[in-house]
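Computed over heavy atoms, backbone and side chain alike; hydrogens, waters and symmetry mates excluded.
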2 protein chains.
Amino acid sequence: MEHRIDRIKKQLHAQSYKLTPQREATLRVLLEREEDHLSAEDVYLLVKEKAPEIGLATVYRTLELLSELKIVDKINFGDGVSRYDLRKEGAEHFHHHLVCIECGSVEEIIDDLLQDVEKIVQKDWGFQVKDHRLTFHGICKQCQEITVEVT
Amino acid sequence: MEHRIDRIKKQLHAQSYKLTPQREATLRVLLEREEDHLSAEDVYLLVKEKAPEIGLATVYRTLELLSELKIVDKINFGDGVSRYDLRKEGAEHFHHHLVCIECGSVEEIIDDLLQDVEKIVQKDWGFQVKDHRLTFHGICKQCQEITVEVT
DNA sequence: AAATTAGATTATAATTATTATAAATATAAA
DNA sequence: TTTATATTTATAATAATTATAATCTAATTT
Ligand SMILES: [Mn+2]
Ligand SMILES: [Mn+2]
Ligand SMILES: [Zn+2]
Ligand SMILES: [Zn+2]
């Protein structure tokens, strides 16, 4: 964790941004909840536990900054809020998501499954791919089992 | 166009919804601008040209209804608004998008490029895929050409 | 046909997420 | 230390979306 923060600190400094206590607190929340998909409000409430004086606008600005630096990715699963997701260290692209339409759970796929598809897009559409968002909507393992039991 | 409306009318009736004049006007706007990616507000302004007495809330409710029936798909490209996109007739899944980070253009890919990936997700993650959202972010053909010229 | 009912729409208010602004504070440079 | 710059706080403003109540429409029953 400390190593990770250090490396991000360097990324910030490289672009002449500082790692203020507020930014660090925000980052720590994101690291502690790496599997989750927190909204700005969610992050704000969690940061408040560590640093009660932080303002919501600062959280928004910090998340915006971290997005620009590609440290976090901003994603929207169709409910009205943006969610912020730490990019896996060293990952070229945003990872994929499985959203269950029964229970609402969100699972992550870290493997990049789109390499072949991207080659096709590049070749057949002449589009130079820089990043992607891929979300599958369907029924998760657990919910499938429940359905079978009920039947 | 009339045929298409007729078929959608039947889909509505099958679920015991009516095709009111307001709903029809909304649908016509979506059909006329099939390539576009209109926000609720955009749709509202265009519908108003045909049916000036329509209310914004009705447009929202109509779009919501059409989403439920899978006649339109709701998507968010990361600016703060939801956009509504007619599903191609007979398509099992939502089509894909290419968003240019230079000029903001949105191009559509109608071919389903995810069949193989979905098989893997199904097999290796035990997730039963019902639908997907795939958006590539990158540089469109035109913007690439401009870049070359400038260089 | 008249009365009844359920569904849909309008106009408006309320809510929620996000962004902008101005004053205060902290940090770095001179 | 003084000065300049960056950042944060508190608050106001904006924008998107949803909720509410009154009204209207069209179908159904009497
Ligand atoms: Mn994730
Ligand atoms: Mn589209
Ligand atoms: Zn589930
Ligand atoms: Zn472009």
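- A donor-acceptor pair under 3.5 Å links the side-chain atoms of B/His96 to the main chain of B/Leu113, judged by distance alone.
- Separating the CG atom of B/Leu19 from the C1' atom of D/dA27 is a distance of 16 Å, rounded to the nearest angstrom.
- Phosphate contact (OP1/OP2 of C/dA26, side-chain N/O of A/Gln22, threshold under 4.0 Å): absent.
- What separates CZ of A/Arg83 from C1' of C/dT16 is a distance of 14 Å, to the nearest Å.
- Within the nucleic acid shown, A/Ser82 comes within 4.0 Å of sugar-phosphate atoms alone, with no base atom in reach, counting heavy atoms only.
- Checked against C/dT18, D/dT8, C/dG7, the side chain of A/Leu56 finds its nearest nucleotide in C/dT18.
- Considering only side-chain atoms of B/Ile54, the nucleotide from C/dG7, C/dT10, C/dA17 that sits closest is C/dT10.
- Side-chain N/O atoms of B/Tyr60 include one lying less than 4.0 angstrom from OP1 or OP2 on D/dT17.
- Here A/Phe94 and A/His132 keep their ring centres 6.0 angstrom or further from each other.
- C/dA8 atom P lies 12 Å from atom CD of B/Gln15, rounded to whole Å.
- For C/dG7, the OP1/OP2 oxygens have no side-chain nitrogen or oxygen of B/Thr20 closer than 4.0 Å.
- Side-chain atoms of B/Asp85 and B/His97 include a donor-acceptor pair closer than 3.5 Å.
- One atom, CG of B/Asp42, and another, C1' of D/dT17, lie 15 Å apart when rounded to the nearest Å.
- B/Glu41 has its CD atom 9 Å from the C1' atom of D/dA15, to the nearest Å.
- Separating the NZ atom in A/Lys10 from the CZ atom in A/Arg7 is a distance of 8.5 Å, to the nearest 0.5 Å.
- Atom C1' of nucleotide C/dA20 and atom CD of A/Glu64 are separated by 14 Å, given to the nearest angstrom.
- At a threshold of 4.0 angstrom between heavy atoms, the contacts of B/Arg23 are confined to the sugar-phosphate backbone, with no base atom among them.
- At least one side-chain nitrogen or oxygen of A/Thr58 sits closer than 4.0 Å to the OP1 or OP2 atom of D/dT9.
- Inspection of the A/Arg23 and A/Thr26 side chains reveals no N or O donor paired with an N or O acceptor under 3.5 Å.
- Mapping B/Gly80 and B/Ala57 onto DNA chain D by nearest heavy atom places B/Gly80 at the nucleotide closer to the 5' end.
- Regarding B/His13, its NE2 atom lies at a distance of 13 Å from the C1' atom of C/dA8, rounded to whole Å.
- When heavy atoms are screened at a 4.0 angstrom cut-off, A/Glu53 is found touching the sugar-phosphate backbone but no base atom.
- With rounding to whole Å, B/Asn76 atom CG is found 14 Å from C/dA17 atom P.
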